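What follows is a set of notes on a single structure, which appears directly below.
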2 protein chains.
Amino acid sequence: MLMLKRRLQELRQRLIKEKVGAVWVSDAANISYLSGFTNFSETEREAYIFVGKDFAYLISDARYTEAVKKQVSHLTLFERGHKNPTEKLLKKHEVAILGIEENSLTVQEFKFIKKHFKKIKHFEISRSIKTKEEISNIEKACKIGDLAFEYMLKKLRIGISEKEIANDLENFIKEKNCEFSFSPIIAFGKNSAIPHHQTGPSTLFVRSGQKGQFVLFDFGVKYENYCSDMTRTIVFGKPNEKQKKIYDAVLEAQQRAVEAIEQGERQAAKIFKAAGIDIPHSLGHGIGLQVHEHPSLSPKSKEVLKEGMVFSIEPGIYLPDFGGVRIEDLFVLEKNGLRKLTQASVKIKII
Amino acid sequence: MLMLKRRLQELRQRLIKEKVGAVWVSDAANISYLSGFTNFSETEREAYIFVGKDFAYLISDARYTEAVKKQVSHLTLFERGHKNPTEKLLKKHEVAILGIEENSLTVQEFKFIKKHFKKIKHFEISRSIKTKEEISNIEKACKIGDLAFEYMLKKLRIGISEKEIANDLENFIKEKNCEFSFSPIIAFGKNSAIPHHQTGPSTLFVRSGQKGQFVLFDFGVKYENYCSDMTRTIVFGKPNEKQKKIYDAVLEAQQRAVEAIEQGERQAAKIFKAAGIDIPHSLGHGIGLQVHEHPSLSPKSKEVLKEGMVFSIEPGIYLPDFGGVRIEDLFVLEKNGLRKLTQASVKIKII
């Protein structure tokens, strides 16, 4: 409660500082962040938050009224409905300059809102710098992820499918009263060459005389709504030289990126470059209420790492029809450098 | 494959008819619908489709290249990346009039795109009229839902929690090689008064001398990416008069809405009215690749029901601190009237 009031207060201070009369929040994660209410859909627009200097509304509909009344006391509930259109509220608070989230608000919503305001501009609600409590939640999620990884390793056997591993993983996580932060990627053999492989019916096998196959696990857990994210690639069977070489190259890339940050580099684009390999996706991403948040560690990113940010470093090499390796860990940037939140060993594991 | 080619062809015919040079598709469900590729995130923007008279691109990034190449052959893959920005593609195809989905495209995306086109207008990709194959998939999803409901009824016992029922349900559905179409709502007792209750730790109990409690199940299954959706409210223990009265009122409302359609009413708003009770949410919604699609059966809807549409009819009455009842079934509108796809009995069930 205190935390939520502080977030609201900070938002209002920014309104004053940036000379914005009010802000219209549409992003689902920001609505959770500001309201503390986490049951709105992430894919459908079920709520907004509308905050000015002297008002703060949570706008939703009758499906949520009972629950919101019980859980949210620092915002005024506006129950929109057939007889109580959102327009009523907009008319009541026609401030001169409205802040919107341009990366979330749709063109249709924009057209609806703009009639009521002289000027509309982008307003960013940043969640990238985390409080101690937020970091602690992510850390707890990471710990459960570490245990889940150990558990999955024990489940690997000839004949088991990616999907079965994913189901075992889900049951393990649920027993810990957690849920997935995203649909896990379990990729066997050549499937590991697809960075976002869709976990499916492929099974583990060992052909006589052949070398081992990669098994890539990319998964995360939500603890108190905060996400973890980790990737490990192991070899089921004896690895061949090429597999070992790729693995080492990815691990070194991760170490180079970490060293660059430790040595003071804070520019996301330069950290990407420091990793020194040609990664076909971003080197990393912030994480928190959402599994992908700011900052983005991509080669064109203009973001700068700051104390309190939590992010992944996850280089990967993918060779079509051969296989791929990705190693992903979460780090928090602290005063004295990086602290690693995921603890599972990154040494090549052979099962 | 044939079906996907036909969808693309139909889209192109509409471009010509509506004098739109090309359409920029951003909605994730529409991207699945047109590409057949279902592994893009529903919450993050990972792909677009860009179709003109003589080009049809699926725009994504290297994380998906391998998979898209294998699964999508009727669209040209444009792999956007650090060295291959989307702008390149837009410059190559600067048609005069571009169609966008105003209910999906964000203000930020709009600003990025608009530089390349003289005129931009809303373009709707409608999925509301289903083919036989789509209806058959929804029907199969409904059948699994019916079985799952029977299964859950057997699991009800004093002391079990909503969350445990939801977990049992998920395991049952997974065994059928399906997944949830949305996070299920299991609501015990007073929780049933919250239309979108968050399934939680509440447990079933019977206090001596007291009457029964409502148990509301609202859940759905995905079969071949097509969703089912069904709500049943039962009484655990002996119902009291008020509970029976509410139940009957909701069931009658559903029957009145069904009768109105059977008698030829096709206006969504009038069907809502025909139900005859004050429902605090929409009376129903279309369903398909997404659990909520067009048409909306809300009192302000301007939509008109047509043959081939599949939708829910789900009236509800909710009494805070007492409990609520919702009964939801799926129907397809056929030449000769409504056909019900969900088969579980709507007669009041007492356990």
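So that the names make sense, note that chain A is the first sequence line, chain B the second, and so on, each numbered from 1. Just so you know, these numbers come straight off a predicted model, no measurement behind them.
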Does any heavy atom of chain A fall under 4.5 Å from the side chain of [X], the backbone, both, or neither of them?
X	value
B/D61	neither
B/I120	neither
B/E79	neither
B/N191	neither
B/K83	side chain
B/F37	neither

### Task
Measure from the side-chain N and O atoms of B/S60 to the backbone N and O of B/E46, and report whether any donor-acceptor pair falls under 3.5 Å.
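Here the side-chain-to-backbone pair exists.
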Highest number of heavy-atom pairs under 4.5 Å with chain B: which of [options]?
options	value
A/E42, A/H292, A/Q290	A/H292
A/K111, A/E101, A/R63	A/R63
A/K300, A/H122, A/E44, A/H281	A/E44

#### Entry: Engaged part of A/N177 at the chain B interface, taking heavy atoms whose separation is under 4.5 Å
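Nothing of A/N177, per the 4.5 Å heavy-atom cut-off to chain B.
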### Task
Evaluate the salt bridge (Lys or Arg N to Asp or Glu O under 4.0 Å) criterion for residues B/K115 and B/E87: first the C-alpha distance (whole Å), next the side-chain angles of each, then the deciding distance (0.1 Å), finally the verdict.
CA-CA 10 Å; B/K115 290 172 278 187; B/E87 219 146 9; 3.8 Å; yes
Do [X] and [Y] come within less than 4.5 Å of each other through their side chains, counting heavy atoms only?
X	Y	value
B/V221	B/S181	no
A/D27	A/I125	no
B/S296	B/H285	no
A/L289	A/N30	no
A/T86	A/Y48	no
B/N84	B/F78	yes

### Query
Any salt bridge between A/E66 and B/K190, counting N to O under 4.0 Å?
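No, A/E66 and B/K190 are not salt-bridged.
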Out of [options], return the one with the most heavy atom pairs under 4.5 angstrom to chain A.
options	answer
B/T43, B/T65, B/L105	B/L105
B/S282, B/G81, B/S183, B/S104	B/S104
B/E109, B/E170, B/K163	B/E170

### Message
I'd like to check the salt bridge (Lys or Arg N to Asp or Glu O under 4.0 Å) partners of B/D168; sequence neighbours left out, ordered by chain and number.
### Response
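Here no residue qualifies.
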### Message
Can you list everything that forms a salt bridge (Lys or Arg N to Asp or Glu O under 4.0 Å) with A/D229? Sequence neighbours excluded, please.
### Response
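Here no residue qualifies.
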### Sequence neighbours excluded - ring pair (Phe, Tyr, Trp, His ring centres under 6.0 Å) pairs with any residue from residues 177-201 of chain B
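Listed by first then second residue: A/Y64-B/H196.
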### Query
Which of residues 314-321 of chain B get closer than 4.5 angstrom to chain A, counting heavy atoms alone?
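Heavy-atom contacts from residues 314-321 of chain B to chain A are B/P320, B/D321.
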